Each structure stands twice: as structure tokens, then as C-alpha cells.
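As the structure is a prediction and not an experimental result, all values here were calculated from the model. Convention: sequence-line order gives letters A, B, ...; per-chain numbering from 1.
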Amino acid sequence: KQEVTQIPAALSVPEGENLVLNCSFTDSAIYNLQWFRQDPGKGLTSLLLIQSSQREQTSGRLNASLDKSSGRSTLYIAASQPGDSATYLCAVKRRGNKLTFGTGTQLKVEL
Amino acid sequence: NAGVTQTPKFQVLKTGQSMTLQCAQDMNHEYMSWYRQDPGMGLRLIHYSVGAGITDQGEVPNGYNVSRSTTEDFPLRLLSAAPSQTSVYFCASSYSSAGVYGYTFGSGTRLTVV
């Protein structure tokens with residue numbers, strides 16, 4: 001059974017800091033990995049999608065890497081801003097088109 | 001582009017009542033699914049569909065029914081609501097090509113069963 005773990009569960013950083021969020025999964029037989037952002041009381045917004053054959057994807061200040069063989073992905077956020085405060089979720093897409101989610105990292109960026 | 005539209009946004013039910021959560025997408029996605037999100041549990045798959053007329057169970061299907069009569073719509077029916085079904089429900093859709101495409105999520109339905 002695929003299990004997805006995100007560390008840390010919560011993170012508080014000062015504005016301007018570069019930070020790394022971690023996601024690990026137990027079964028490397030994945031089709032892709034997707035990072036989402038969720039604001040309190042809101043839905044999920046897709047940030048980055050990495051296909052299983054790719055190593056990384058970039059969008060603005062965000063960079064996501066994937067090491068399928070070791071079952072790890074990282075989301076790097078450069079020059080963090082208070083507007084980045086949210087919960088970040090990773091999800092792996094597995095056989096049958098199903099997603100397995102981690103429980104998320106709650107990020108707070110302080111002024 | 002509307003994306004994935006869920007209605008209603010909020011709902012309060014009494015134990016034993018039934019109701020249908022609506023989900024519609026306008027992206028011609030073959031794959032649609034329902035998740036529930038509970039504190040400390042993450043998002044868990046309830047039911048999914050790989051195309052019109054085809055549905056299957058996810059991790060937590062008990063107490064829920066689905067049908068897929070069109071590509072666009074995938075309603076989730078609660079047969080007899082229980083307090084344990086208090087949760088936030090998300091509908092998601094995707095193209096079926098395995099690794100190329102990601103998922104698009106609706107904004108959620110917050111359900112309280114009293």
C-alpha cells in the first residue's frame with residue numbers, strides 16, 4: 001500500500017527565507033507527483049506536476065524535484081513571502097489513476 | 001473556463017437524511033473522483049470513475065453512492081447521513097493518460113451532520 005509522508009508537519013519562517021518541504025513515498029511505481037497549495041477553508045490549487053520520467057519542475061519561485069528510486073520529492077520555495085502561508089500537499093498518482101496524498105505541511109511566513 | 005464546479009459549498013444535515021453533492025467539469029476529463037478531507041487523516045478517496053457508465057470504489061466507500069451518466073457530471077450521494085460523514089468533500093478530475101496530466105480540484109463542499 002502506498003504511503004506518503006510529509007515532513008515537517010508545520011513550519012514557521014521569517015519573510016525572505018528560502019525553505020524546503022519534504023515528501024516521501026513508499027512505492028516507487030508512480031506515474032507522477034503533484035504539489036498542491038491549500039489556503040484555510042479553500043480548495044486545492046495545483047502548483048507543480050512532475051512526471052515519473054522527470055527530475056524537476058520550476059514555476060516562478062517554486063522548484064520541485066523528484067527522486068523516484070529513493071521515494072522522495074522536495075518543494076523549494078525561494079525568498080518566501082507572507083502570501084506563501086498555506087498548507088502544502090504532495091500527492092502521487094499510481095496505478096488506476098488514483099492519488100495518494102500526504103497529510104501536508106502547514107507553512108507560516110512571518111513579517 | 002469553469003474547471004471543476006461543486007455545489008453546494010456548505011450543507012448541514014440531520015442524521016439519517018440523504019442528499020446529493022454535485023460535481024461538474026467542463027474540461028472533457030475522462031477521470032473523476034471524490035475525496036473527503038478530515039483533520040489528521042489527509043484526503044482519502046471515496047469513489048472514482050474512469051468514464052461515463054464506469055465507477056469503482058476507493059478507500060472509504062461505505063455510506064456513499066455514485067453514478068456517471070455523462071462525461072461532465074459525477075454526483076456523490078449520501079444514503080443515510082451519519083455524524084462520521086462530517087467532512088470536507090472534494091471532487092477532482094483529470095485526463096486519463098497516466099502520467100502526463102495532473103488533477104484539477106473543485107473548491108469543496110463542507111458538510112456537517114448533526
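- Take Trp35(A) and apply the side chain to side chain donor-acceptor pair (under 3.5 Å) test, not counting sequence neighbours, and it matches Ser73(A).
- More than 12 heavy-atom neighbours from other residues, nucleotides or ligands sit within 6.0 angstrom of CZ on Arg77(B).
- Leu44(A) CG to Leu43(B) CG: the interatomic distance, rounded to the nearest 0.5 Å, is 6.0 Å.
- You'll find the side chain of Leu45(B) stays beyond 4.5 Å of the side chain of Leu99(A), heavy atoms only.
- The structure places CD of Gln34(A) at 9.0 Å from OH of Tyr103(B), a figure rounded to the nearest 0.5 Å.
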Report, one line per pair, each donor and acceptor closer than 3.5 Å where one atom sits in a side chain of residues 103-111 of chain A; sequence neighbours left out.
from: Thr105(A); atom 1: OG1; to: Pro8(A); atom 2: O; distance (Å): 2.5
from: Glu110(A); atom 1: OE1; to: Ser12(A); atom 2: OG; distance (Å): 3.4

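- Follow the hydrophobic side-chain contacts under 4.5 Å out from Phe36(A) and you never reach Leu62(A); the two are in separate clusters.
- One hydrophobic cluster holds both Val4(A) and Leu47(A) under the rule that ILVMFWY side chains link at heavy-atom gaps under 4.5 Å.
- Leu76(B) and Tyr31(B) fall into different hydrophobic clusters, defined by Ile, Leu, Val, Met, Phe, Trp and Tyr side-chain heavy atoms under 4.5 Å apart, directly or through other members.
- Atoms OG1 and CZ, on Thr45(A) and Phe105(B) in that order, are 10.5 Å from each other to the nearest 0.5 Å.
- Clustering ILVMFWY residues whenever any of their side-chain heavy atoms sit less than 4.5 angstrom apart, transitively, puts Val50(B) in a cluster other than the one holding Trp34(B).
- The part of Lys42(A) that comes within reach of chain B is its backbone (N, CA, C, O), which places non-hydrogen atoms under 4.5 angstrom from that chain.
- Of residues 4-21 of chain B, no residue lies under 4.5 Å from chain A by any heavy-atom pair.
- At a threshold of 4.5 Å between non-hydrogen side-chain atoms, the residues Gln51(A) and Tyr101(B) do not count as touching.
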From CA spacing to verdict: ring pair (Phe, Tyr, Trp, His ring centres under 6.0 Å), Tyr35(B), Phe101(A)
CA-CA 10 Å; Tyr35(B) 291 83; Phe101(A) 281 86; 5.6 Å; yes
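- With sequence neighbours excluded, the residues satisfying salt bridge (charged side-chain N to carboxylate O under 4.0 Å, His left out) with Arg44(B) are Asp38(B).
- Shown here for Lys93(A) and Ser94(B), the closest heavy-atom pair between the two residues is NZ-OG, 3.6 Å.
- With a threshold of 4.5 angstrom between heavy atoms, Gln38(A) approaches chain B through side-chain atoms but not through N, CA, C or O.
- Heavy-atom pairs under 4.5 Å with chain A were tallied for Ser33(B), Gly42(B), Ser107(B); the largest tally goes to Ser107(B).
- Follow the hydrophobic side-chain contacts under 4.5 Å out from Val60(B) and you never reach Leu89(A); the two are in separate clusters.
- Of the listed residues (Met41(B), Arg110(B), Gln37(B)), the greatest number of heavy-atom pairs within a distance under 4.5 Å of chain A belongs to Gln37(B).
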